[in-house]
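Before any comments, here is the structure.
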Amino acid sequence: MAATDIARQVGEGCRTVPLAGHVGFDSLPDQLVNKSVSQGFCFNILCVGETGLGKSTLMDTLFNTKFEGEPATHTQPGVQLRSNTYDLQESNVGLKLTIVSTVGFGDQINKEDSYKPIVEFIDAQFEAYLQEELKIRRVLHTYHDSRIHACLYFIAPTGHSLKSLDLVTMKKLDSKVNIIPIIAKSDAISKSELTKFKIKITSELVSNGVQIYQFPTDDESVAEINGTMNAHLPFAVIGSTEELKIGNKMMKARQYPWGTVQVENEAHCDFVKLREMLIRVNMEDLREQTHSRHYELYRRCKLEEMGFKDTDPDSKPFSLQETYEAKRNEFLGELQKKEEEMRQMFVQRVKEKEAELKEAEKELHEKFDRLKKLHQDEKKKLEDKKKSLDDEVNAFKQRKTAAELLQSQGSQAGGSQTLKRDKEKKNVTGGAKLKWSEDLQHGHRQCLLFLATFCWTPLLVTGWKSSFLVSPGSSLRNKAVPHFTKNKMQQ
């Protein structure tokens, strides 16, 4: 018998029996309260609305404190979510409060995708909790739950109707978070306009199928007050951290030239109703609704995407192990199929690559043959050119040798001719000298004859002797020159 069938029979066979005396398990609520108080509580609020609607001021007013934060500007390129966590303590109860604000929401010209960052943020918190829940070793009692428990949607006090951005955003969020619509800065319009504006908002939400959070009425202790408060939705609120003295009391209020608006005066706004419903009455229900409704919806869709189901096609219950085995076999089958496809694709690509390589190899061989033939032709041309150059060099050497031989022969013949010319020149020079000496001797004789005739007749008479005869061929240096002594000159 399967374990599920046994568990079903145990549940169906439960009987009620009386107790004979006090046992003590009536203290379980006290034990649960003490444990919860010791562990503390967490609550996460998402504030969605356009910049400048007073989201931060309202949070400060709700929790009667001053949360640190920088004011947002209207120059953001897109919607960004800013999360801040605070530890609050009231009496002996600790609360870890997380406030998430949408920075830059509604400030862009194109507002078509303004809701997407908000949806992605909520899904990311669900996914983080699911991953922690699916771990083998879970620590959920110490895990910081960041899932959004309440979404305060701030509506601008236009007095006419909801903007299309508001309708689209709330429609995308109603299945993921508890939406509580509120009219921000409700003191900007009159009471009659505010009443009509509430009716208009409610009708538009119903006509567009937007499901907002309804305060629970199944608990008798809070059914009456919650039923009354459901009729006041959306709440028209005012936020202020300034305290003014009104009568004998210091109260949170806003001072205007025309009068004073008291934040905690129910005749002026619905701030007290919002605080009662959100914090003092239904905070635990908001936490429970987030876990049992919105998170379970996300978890079921996510597990169905992963292949887990509660029943088989025959409407029989599936155990987790059977679901796991079926999913595992399906996954292995898909993996094997993909592996086979990848193997075939790999083989096909290898064949294509081999064909490409063979074609490339063929082209390389053809190119190599062409280059080889071209190389051989170039080599043959170079060898022919070298042979012709060698022939020219040999012919040049032969011509050079012949020219040198002719030059040597010519130099020898020129030497003999030079000797002959020198000899002939010498002979001619000797004859010229002989003739010159003969002419000179003749001139001397004529001169001596003249002197003897006219001047030296007494000398000749006295018997001076002088031989002037010069043998033919003698030079003038050897010729006799008359020499007269002093004695002879006196004679």
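All residue numbers refer to positions in the sequence shown, counting from 1.
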> Run the salt bridge (charged side-chain N to carboxylate O under 4.0 Å, His left out) check on Lys135 and Glu132 step by step: do they pass?
Replying inline: CA-CA 5 Å; Lys135 286 182 179 179; Glu132 182 66 27; 3.0 Å; yes
Practice problem: Tell me, with the steps shown, if Glu340 and Arg343 meet salt bridge (charged side-chain N to carboxylate O under 4.0 Å, His left out). | Solution: CA-CA 5 Å; Glu340 185 63 27; Arg343 185 181 293 107; 2.8 Å; yes
Open item on the list: Go through it in stages, so that I can follow the logic: the residues are Tyr213 and Asp285, the test is side-chain hydrogen bond (donor to acceptor under 3.5 Å, both in side chains), and I'd like the CA-CA distance, side-chain angles, deciding distance and then a yes or no.
Closed with: CA-CA 11 Å; Tyr213 175 73; Asp285 184 73; 2.4 Å; yes
Requested in this report: For side chain to side chain contact (heavy atoms under 4.5 Å, CB included), just list the numbers for Leu332 and Arg328, CA-CA rounded to whole Å, side-chain angles, deciding distance to a tenth of an Å, and then say yes or no.
Outcome: CA-CA 6 Å; Leu332 290 177; Arg328 183 174 181 273; 3.7 Å; yes
Verdict with reasoning, Thr217 to Asn226, per side-chain hydrogen bond (donor to acceptor under 3.5 Å, both in side chains)
CA-CA 6 Å; Thr217 56; Asn226 282 345; over 6 Å; no
- Message: Please determine whether salt bridge (charged side-chain N to carboxylate O under 4.0 Å, His left out) holds for the pair Glu284 and Arg287, giving the CA-CA distance in whole Å, both sets of side-chain angles, and the decisive distance to 0.1 Å.
- Response: CA-CA 5 Å; Glu284 182 59 29; Arg287 287 159 44 91; 3.1 Å; yes
### Task
Apply salt bridge (charged side-chain N to carboxylate O under 4.0 Å, His left out) to the pair Lys198 and Asp270, showing each step before the final yes or no.
CA-CA 12 Å; Lys198 284 187 175 183; Asp270 298 332; 2.7 Å; yes
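When atom types are taken as modelled, the side chain of Thr102 and the backbone of Leu81 share no donor-acceptor pair closer than 3.5 angstrom. Side-chain N or O atoms of Ser186 include none that pairs as donor or acceptor with a backbone N or O of Ile183 at under 3.5 Å. The closest donor-acceptor contact from the side chain of His294 to the backbone of Gln289 lies at 3.5 Å or more, if one exists at all. Asn208 places no side-chain N or O within 3.5 Å of a backbone atom of Val210 that could act as its donor or acceptor partner. When atom types are taken as modelled, the side chain of Ser240 and the backbone of Lys252 share no donor-acceptor pair closer than 3.5 angstrom. With hydrogens and angles disregarded, a donor-acceptor distance shorter than 3.5 Å links the side chain of Glu204 to the backbone of Leu162. Of the possible polar contacts, one joining the Lys185 side chain to the Gly52 backbone as a donor-acceptor pair under 3.5 Å is found. Side-chain N or O atoms of Glu224 include none that pairs as donor or acceptor with a backbone N or O of Glu220 at under 3.5 Å. With hydrogens and angles ignored, the 3.5 Å screen pairs no side-chain donor or acceptor of Thr169 with any backbone N or O of Tyr115. A donor-acceptor pair under 3.5 Å is formed between the side chain of His232 and the backbone N or O of Thr228.
Here the CD atom belonging to Glu304 is positioned 11.0 Å from the CZ atom belonging to Arg299, to the nearest 0.5 angstrom. To the nearest 0.5 Å, atom CG of residue Leu286 and atom CE of residue Met283 are 8.0 Å apart. From Arg349, atom CZ reaches atom CD of Glu352 across 8.0 Å, with rounding to the nearest 0.5 Å. Summarising the geometry, atom CG belonging to Asn84 is positioned 12.5 Å from atom CE belonging to Met59; distances are rounded to the nearest 0.5 Å. Atoms CD1 and SG, on Ile45 and Cys151 in that order, are 10.5 Å from each other to the nearest 0.5 Å. Atom-to-atom distance recorded for Phe105:CZ and Leu53:CG is 10.0 Å, nearest 0.5 angstrom.
Using cut-offs of 30° and 60° for the angle between ring planes, the His149 and Phe43 rings count as parallel. The aromatic rings of Trp258 and Tyr256 sit parallel, their planes meeting at an angle under 30°, below the 60° perpendicular limit. The aromatic rings of His291 and Tyr295 sit parallel to each other, their planes meeting at less than 30°, with 60° as the upper class boundary.
Side-chain atoms of Leu58 and Ile182, non-hydrogen and from C-beta on, do get closer than 4.5 Å to each other. Side-chain atoms of Lys249 and Met251, non-hydrogen and from C-beta on, do get closer than 4.5 Å to each other. Between Val79 and Val103 the shortest side-chain heavy-atom distance does not fall below 4.5 Å. A 4.5 Å side-chain heavy-atom check between Met277 and Ile225 finds at least one atom pair inside the cut-off. Contact annotation: the side chain of Gln262 never approaches that of Arg254 to less than 4.5 Å [non-hydrogen atoms, C-beta and beyond]. Side-chain contact between Leu62 and Leu278 is present, with heavy atoms from C-beta onward closer than 4.5 Å. Using a 4.5 Å cut-off on side-chain heavy atoms (C-beta onward), Gln344 and Val347 make no contact. Counting only heavy atoms from C-beta outward, the side chains of Phe215 and Val222 never approach each other to under 4.5 Å.
Atom CD of Glu242 has 12 or fewer neighbouring heavy atoms from other residues, nucleotides or ligands inside a 6.0 Å radius. Counting heavy-atom neighbours within 6.0 Å of Lys172 NZ, excluding the residue itself, gives a total of 12 or less. Remark: Met345 CE is loosely packed, at most 12 non-hydrogen atoms of other residues, nucleotides or ligands lying under 6.0 Å away. By the neighbour-count criterion of 12 heavy atoms within 6.0 Å, atom CD of Glu112 is sparsely surrounded, having that number or fewer from other residues, nucleotides or ligands. Atom CZ of Phe67 has more than 12 neighbouring heavy atoms from other residues, nucleotides or ligands inside a 6.0 Å radius. Around CD of Glu68, the count of heavy atoms belonging to other residues, nucleotides or ligands within 6.0 Å does not exceed 12. At most 12 non-hydrogen atoms from other residues, nucleotides or ligands lie less than 6.0 angstrom from CD of Glu90.
Considering every non-hydrogen atom in both Lys35 and Ser38, the closest pair reads O-OG, 2.6 Å. Taking every heavy atom of both residues into account, Gly54 and Phe154 meet most closely at O-CE2, 4.2 Å. Closest approach of Pro29 to Asp26, counting heavy atoms only: CD-O, 3.3 Å. The minimum heavy-atom distance between Ser36 and Phe41, with the atom names listed, is CB-CZ, 3.6 Å. Heavy-atom minimum distance, Ile148 versus Val100: CD1-CG2, 4.1 Å. Between Ile201 and Pro234, the shortest heavy-atom contact is CG2-CG, 4.0 Å.
Under the 6.0 Å distance and 45° angle rule, Arg147 does not count as a cation-pi partner of Phe126.
There is a side-chain donor-acceptor pair under 3.5 Å between Tyr153 and Asp166. Between the side chains of Ser292 and Glu288, no donor-acceptor pair is found at a separation under 3.5 Å. For the residue pair Ser146/Asn44, the side-chain donor-acceptor check at 3.5 Å is not satisfied. Residues Asp60 and Thr241 bring no donor and acceptor atom of their side chains to less than 3.5 Å of each other. A side-chain donor-acceptor contact under 3.5 Å links Glu127 and Tyr298.
Take Asp113 and apply the salt bridge (charged side-chain N to carboxylate O under 4.0 Å, His left out) test, not counting sequence neighbours, and it matches Lys116.
The distance between the ring centers of Tyr143 and Tyr129 falls below 6.0 angstrom.
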